Amino acid sequence: MRPDWDSYFLKIAFAVSERSTCDRAFVGCVLVREKRILATGFNGSPAGQAHCDEAGHLMVDGHCVRTIHAETNAIIQGALHGVSTRGATCYVTHFPCINCTKALINAGIERIVFSIAYRMDENSVNFLQAANIEYVQMDYDPDG
């Protein structure tokens with residue numbers, strides 16, 4: 001059966017997550033506008049630096065700070081290659097953290113589709129609602 005667009009791009013986000021180098025959470029993100037992929041990102045270290053799967057986690061206050069989150073990496077990839085993200089939809093495996101939520105708002109993202117409500121907090125939700133950004137949780141089983 002042919003998948004609908006949201007299912008299709010969310011599946012791609014899960015494929016992107018396979019490149020993640022921080023095993024605390026394998027997160028993938030795909031930024032899409034008009035059914036075209038603009039940029040992708042996964043959680044991993046800054047270019048040229050050691051990854052968690054090589055050097056271990058760099059933990060501060062219960063968070064690994066060695067990595068850049070998938071959503072932020074996707075936004076950075078768009079900026080690096082001169083691709084505007086204004087008006088895009090963000091397909092991401094996990095609900096964005098508060099910092100990624102703020103970055104997505106400022107990047108002009110209009111909609112977020114996610115599967116896993118990982119640390120879905122009230123502040124992130126409030127920011128999205130205040131920015132009139134639609135967020136949709138979809139059931140997705142990457143294994144079947």
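All of these numbers come straight from a predicted model, not from anything done at the bench.
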With sequence neighbours left out, the residues meeting side chain to side chain contact (heavy atoms under 4.5 Å, CB included) with A79 are none
Interatomic spacing from CG in L104 to CG in L128 - rounded to 0.5 Å: 8.0 Å
For D53, what residues pass the side chain to side chain donor-acceptor pair (under 3.5 Å) criterion, not counting sequence neighbours? none
Of all the heavy-atom pairs spanning C64 and C22, show the shortest one and how long it is. SG-SG, 4.0 Å
Do I98 and I133 share a hydrophobic cluster (ILVMFWY, side-chain heavy atoms under 4.5 Å, transitive)? yes
Inter-residue atom distance Q49.CD - E54.CD, 0.5 Å rounding: 11.0 Å
Transitively linked via ILVMFWY side-chain contacts under 4.5 Å: I12 with F14? yes
For F42, all residues meeting ring pair (Phe, Tyr, Trp, His ring centres under 6.0 Å), sequence neighbours excluded: none
Distance-minimising heavy-atom pair for C90 and E71: SG-CG, 4.4 Å
By side chain to side chain contact (heavy atoms under 4.5 Å, CB included), which residues pair with V65, not counting sequence neighbours? L58, V60
Residues passing the side chain to side chain contact (heavy atoms under 4.5 Å, CB included) test with A130, sequence neighbours excluded, are none
Enumerate the residue pairs fulfilling ring-ring contact (aromatic ring centres under 6.0 Å, His included) with a member in residues 96-115, sequence neighbours excluded, ordered by first and then second residue. F95-F114
Common cluster, V136/I109, ILVMFWY with side-chain heavy-atom separation under 4.5 Å: no
Any side-chain hydrogen bond (donor to acceptor under 3.5 Å, both in side chains) involving residues 10-29? Give me the pairs, sequence neighbours left out, ordered by first then second residue. S20-N43, T21-H51, D23-H57
Side chains of V16 and C29 in contact at under 4.5 Å (non-hydrogen atoms): no
Smallest separation among heavy atoms of H69 and C100, with atom names: CB-SG, 3.3 Å
Mark yes when over 12 heavy atoms from residues, nucleotides or ligands other than E34 sit less than 6.0 Å from its CD; otherwise mark no. no
Counterpart residues, side chain to side chain donor-acceptor pair (under 3.5 Å), relative to R33 (two or more places apart): none
Taking atom CD of Q129 and atom OG of S124, what is their separation to the nearest 0.5 Å? 11.0 Å
Would you check if M138 and S7 make a side-chain contact, meaning some heavy-atom pair closer than 4.5 Å? yes
Main-chain N/O of S115 paired to Q137 side chain as donor or acceptor, under 3.5 Å: yes
Taking side chain to side chain donor-acceptor pair (under 3.5 Å) as the test, write out the residues that go with E134, two or more places apart. R111
Taking only residues two or more places apart in sequence, or in another chain, which ones meet D139 in a side chain to side chain donor-acceptor pair (under 3.5 Å)? none
To the nearest 0.5 Å, what is the distance between OG1 on T101 and OH on Y135? 10.5 Å
Rounded to the nearest 0.5 Å, how far apart are CG of L31 and CD1 of I112? 10.0 Å
V113 versus Y140: any side-chain heavy-atom pair under 4.5 Å? no
Are Y118 and L10 grouped together when hydrophobic residues (ILVMFWY) are joined by side-chain heavy atoms under 4.5 angstrom apart? yes
Aromatic ring pairing W5/F9, orientation class (parallel under 30°, perpendicular over 60°, tilted between): parallel
When you group the ILVMFWY residues by side-chain heavy-atom contacts below 4.5 Å and let the links chain together, are I105 and I75 in the same group? yes
Enumerate the residue pairs fulfilling side-chain hydrogen bond (donor to acceptor under 3.5 Å, both in side chains) with a member in residues 88-98, sequence neighbours excluded, ordered by first and then second residue. D6-Y91
Working to the nearest 0.5 angstrom, can you tell me the gap between C52 SG and M59 CE? 9.0 Å
Using every non-hydrogen atom in the two residues, find where A39 and G78 come nearest and quote the distance to one decimal. CB-N, 3.9 Å
Can you list every side-chain hydrogen bond (donor to acceptor under 3.5 Å, both in side chains) pair that touches residues 72-88, not counting sequence neighbours? Q77-H81
